[in-house]
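Report on the structure given below.
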Amino acid sequence: MQGKGVSSGIAIGTIKYCAQTTRTVEKRQVTDFPAEIVRFESARALAAAQLGELAVSTAQKLGKENSLLFEIHQMMLEDTDYRESVTQIIQGQQVCAEYAVQETAGQFKEMFASMDDEYMKERAADVQDVSRRVIALLTGIGEESLLGDKPVILAAEDFSPSETAQFDRDKVLALLTSTGSGNSHTAIFARTMGIPAVIGVGGALTPDCDGLFAVLDGETGTVVLNPDEVTLAEYRKKAAEQRQREELLLAYRGKKGVSRSGKEINIYANIGSPEDVPAVLKNDAEGVGLFRSEFLYLEQSDFPGEDTQYNAYKAVLESMVGKRVVIRTLDIGADKQADYFGLAHEENPALGLRAVRICLTRPDIFKTQLRALCRASVHGKLAIMIPMITSVNEVRQVKSILKDVQDELDVAGIRYSDSIELGIMVETPAAAIISDLLAEEVDFFSIGTNDLTQYTLAIDRQNHAIEPFCDTHHDAILRLIATVVRNAHAKGLWVGICGELAGDLSLMKFYLDVGVDELSVAPPLVLGLRKAVCDSE
C-alpha cells in the first residue's frame, strides 16, 4: 500500500483494524420530557468534565497547543444552538435524549460539511466525536477500547481526536488510515507523540487487513503486507539506522549550529504556552522563536486579564534564563476563533479581520496585552512580534500604541526593560516586497512561511483538495525569502523563519546561502535541524 508518510519511523508488527461503525441509537418514545432533558443535561455536563480531564492529560503528554482541541469540544457542548436542538427534538418528536443527540449530531455534521470554509468543514468530525461521548454516557455503553495487550499497527478509516490523544504509546507501533490529511488531528498527534504514521492509503486498507503482519515506513508512506525475509531484513536495518541517528543527535546538545564553512544559524523552538518550555529546554533550543500568545485567548471564555497574561509571559521568560523569547501578539481570526471577540462571519476569513487588524481596531484589547508584555520584560530577554503586517503605517500605529502604554507605565512607576526588541512577521507578499521600508521601523523580521505560501500562491492552506497544487518550494516563495533577508541585513536586522518550512532540511543549503539567521521549529525537531546545519557546507 502507498499513502502519505506524516510521521517518520519504521514499524514492524501485526495490523489491528478498527471498524468504526456508527452505533445506531434506538428511537425510543418518551412521555416525561422534563426528565429526559435532565438526563441530557447531566450527560452533557459529565462529558464536558471528561473533556476537561482529557485536555489536562493531553497538555501534559503533548503540550498545551494540542490540548486546545478538547477545550473547543467543551465549548461545543456549551453551544446554545446545540443544546436547544437536542431539547427541541426531545419535545417535538417525543423521543429519548440519546436519539435526540444523534439526530442533532447528524444535522450539525451536514451543516459543517456543506460549508465552503475548510476549517469549518473539519468541525463536522468534532461534533460527531463530542456527540458520541454524550450518547455513550446516556446509554451506559462506552466506546470499545481499540487496544489489546500487545503493541500493534493500529489501522482505521480515520481516528477521532479523542481516540488519538488517549493512545498508550507503548501499545501503538504505528497509525495507518485510509483517509486523512497531513494537517489532520491523527497526523499532528502522531508527530508529537513520536508514533510512525501513514495516511491516505485509500481502498487498499480494508477490514480484511486485520491480523496481517506488516511493515510501515512513516517517512516514505509505504506499507508492505506479509513482507518476505529479504524485505523484512531491509526495513529492520533501516529502523536500526534511524535509532542510531536519534542517539547520535544527543551529541548536538550544547553545540552551536555552525556549518563547515563557518555560517551560523540559531535554532529556536515554537511553543503555545508555558507548559511547553520543558520540551524546549530538553531539546536544547537556543531560544523561543515563536510563542503563540493567542492560545491564552483561545483557552478562555472571556478576554484574559493583564495579570493572567503577565504571569504566563513571566513564567516563560524566567524559565529561558536570559535566552531570547519572541512572543507573537494575538493572532485571532481566520482559523482561530474565540466567540467572545464577537467577530462577524466573513466569506474569506483568511483575508479578513484578523491579527494586527483586530489590535489596531480594538486598541483596548491590544493595550492590555502590551502592558502585560512590558511588565514581564524585566524577567528575561523579550522580543515582541506583530503578525499580518502589510504596511509601514500599521507598524507606526503599533509603535505609537506601545509608546502610550510605556508612558502610562512610567507614570505609574512600573518597571519595564529598555531593551525590548520589536519585530514583525513577514507573512504577506506586501510585507516581503516592502521589507526594505519596514526594516527602517523594527529590530527583526520573522518569516511566517505558512501564510506567505498561502497568500503568494493563492492557495487556501486549510483546503486539502488543492494540496497537490501547493508547491512550498515555489521560486516565488524562495525569492521573497531571499529578498526579505537581503533587505533586513542591509539595515542590520536579524531574520528568522518560524513557519513549517523552517524544518525543511532540503532547504538548508538555501537558508545558509541567503543568510537566514534563525530557524524556529517544534521542540522535537531542534537537534535534527542543528545537525543539518553543522553537516552543511
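No side-chain heavy atom of Arg479 sits less than 4.5 Å from a side-chain heavy atom of His474. The shortest side-chain heavy-atom distance between Val224 and Pro227 falls under the 4.5 Å cut-off. Using a 4.5 Å heavy-atom cutoff, the side chains of Leu480 and Leu478 are not in contact. Counting heavy atoms from C-beta outward, Ser131 and Gln102 have side chains that stay 4.5 Å or more apart. Using a 4.5 Å heavy-atom cutoff, the side chains of Ser259 and Tyr511 are not in contact. Within the 4.5 Å cutoff, side-chain heavy atoms of Ile89 are placed close to those of Gln107. Side-chain contact between Phe469 and Leu457 is absent, with no heavy-atom pair separated by less than 4.5 Å. The side-chain heavy atoms of Arg133 and His73, taken from C-beta on, include no pair separated by under 4.5 Å.
Applying the side-chain contact (heavy atoms from CB on, under 4.5 Å) rule to Leu173 yields the partners Ala11, Pro151, Ile153; only residues at least two apart in sequence or on another chain are considered. For the side chain to side chain donor-acceptor pair (under 3.5 Å) test, no residue two or more places apart in sequence or in another chain qualifies with Lys255. Residues that satisfy the side chain to side chain donor-acceptor pair (under 3.5 Å) test with His473, not counting sequence neighbours, are Asp504. By the ring pair (Phe, Tyr, Trp, His ring centres under 6.0 Å) test, Tyr82 pairs with Phe108, sequence neighbours left out. Remark: Ala49 pairs with no residue by the side-chain contact (heavy atoms from CB on, under 4.5 Å) rule, at least two apart or across chains. For Glu98, the side chain to side chain donor-acceptor pair (under 3.5 Å) partners are Arg28, Arg39, not counting sequence neighbours. Under the rule for a side chain to side chain donor-acceptor pair (under 3.5 Å), Ser7 has no partner lying at least two apart in sequence or in another chain. By the side-chain contact (heavy atoms from CB on, under 4.5 Å) test, Ser446 is found to be paired with Met385, Cys498, residues two or more places apart in sequence or in another chain being considered. For Glu537, the salt bridge (charged side-chain N to carboxylate O under 4.0 Å, His left out) criterion is met by Arg260, not counting sequence neighbours. Scanning for side-chain contact (heavy atoms from CB on, under 4.5 Å) contacts around Thr220 gives Asp217, Thr222, Lys238, with sequence neighbours left out. Judged as a salt bridge (charged side-chain N to carboxylate O under 4.0 Å, His left out), and not counting sequence neighbours, Arg243 has no contacts.
Residue Leu216 holds its CG atom at 7.5 Å from CD1 of Ile10, rounded to the nearest 0.5 Å. Once rounded to the nearest 0.5 Å, the distance linking OG1 of Thr453 with CD1 of Ile459 reads 9.0 Å. The CG atom of Asp513 sits 11.0 Å away from atom CG of Leu507, with the distance rounded to the nearest 0.5 Å. Distance OG1/Thr472 to CG/Leu501: 5.0 Å, rounded to 0.5 Å. Rounding to the nearest 0.5 Å gives a distance of 5.0 Å between CZ of Arg328 and CG of Leu290. With rounding to the nearest 0.5 Å, the separation of CD1 in Ile477 from CG in Asp471 is 6.5 Å.
For residues 519-533, the side chain to side chain donor-acceptor pair (under 3.5 Å) pairs, not counting sequence neighbours, are Asn270-Ser520, Asp284-Arg530, Glu286-Arg530, Lys531-Asp535.
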> Going through the checks in order, is the side chain to side chain contact (heavy atoms under 4.5 Å, CB included) test met by Leu46 and Gln50?
Replying inline: CA-CA 6 Å; Leu46 182 53; Gln50 289 177 347; 4.3 Å; yes
>> Set out, in order, the CA-CA distance, both residues' side-chain angles and the distance that settles side chain to side chain contact (heavy atoms under 4.5 Å, CB included) for Asn450 and Gln454, then state yes or no.
In response: CA-CA 6 Å; Asn450 298 350; Gln454 170 174 251; over 6 Å; no
> Stepwise, does the side chain to side chain contact (heavy atoms under 4.5 Å, CB included) test hold for Thr428 with Ile389?
Replying inline: CA-CA 7 Å; Thr428 66; Ile389 289 293; over 6 Å; no
>> Before you tell me yes or no, could you show the steps for Arg357 and Met388 under side chain to side chain contact (heavy atoms under 4.5 Å, CB included), namely the whole-Å CA-CA distance, both residues' side-chain angles and the distance that decides it to 0.1 Å?
In response: CA-CA 8 Å; Arg357 296 167 183 174; Met388 276 298 293; 3.8 Å; yes
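For the residue pair Gly503 and Leu529, the shortest heavy atom distance occurs at CA-CD1, 4.3 Å. The heavy-atom pair separating Pro196 from Gly9 by the smallest distance is CB-O, 3.5 Å. Here the shortest heavy-atom pairing between Ser536 and Leu512 reads CB-CD1, 3.3 Å. Residues Ala47 and Leu77 approach most closely at CB-CD1, 3.8 Å, considering heavy atoms. Across every non-hydrogen atom of Tyr268 and Ala285, the tightest pair is C-CB, 4.1 Å.
Looking at Leu205, Asp208, Leu154 one by one, the single match for side-chain contact (heavy atoms from CB on, under 4.5 Å) with Tyr17 turns out to be Leu205.
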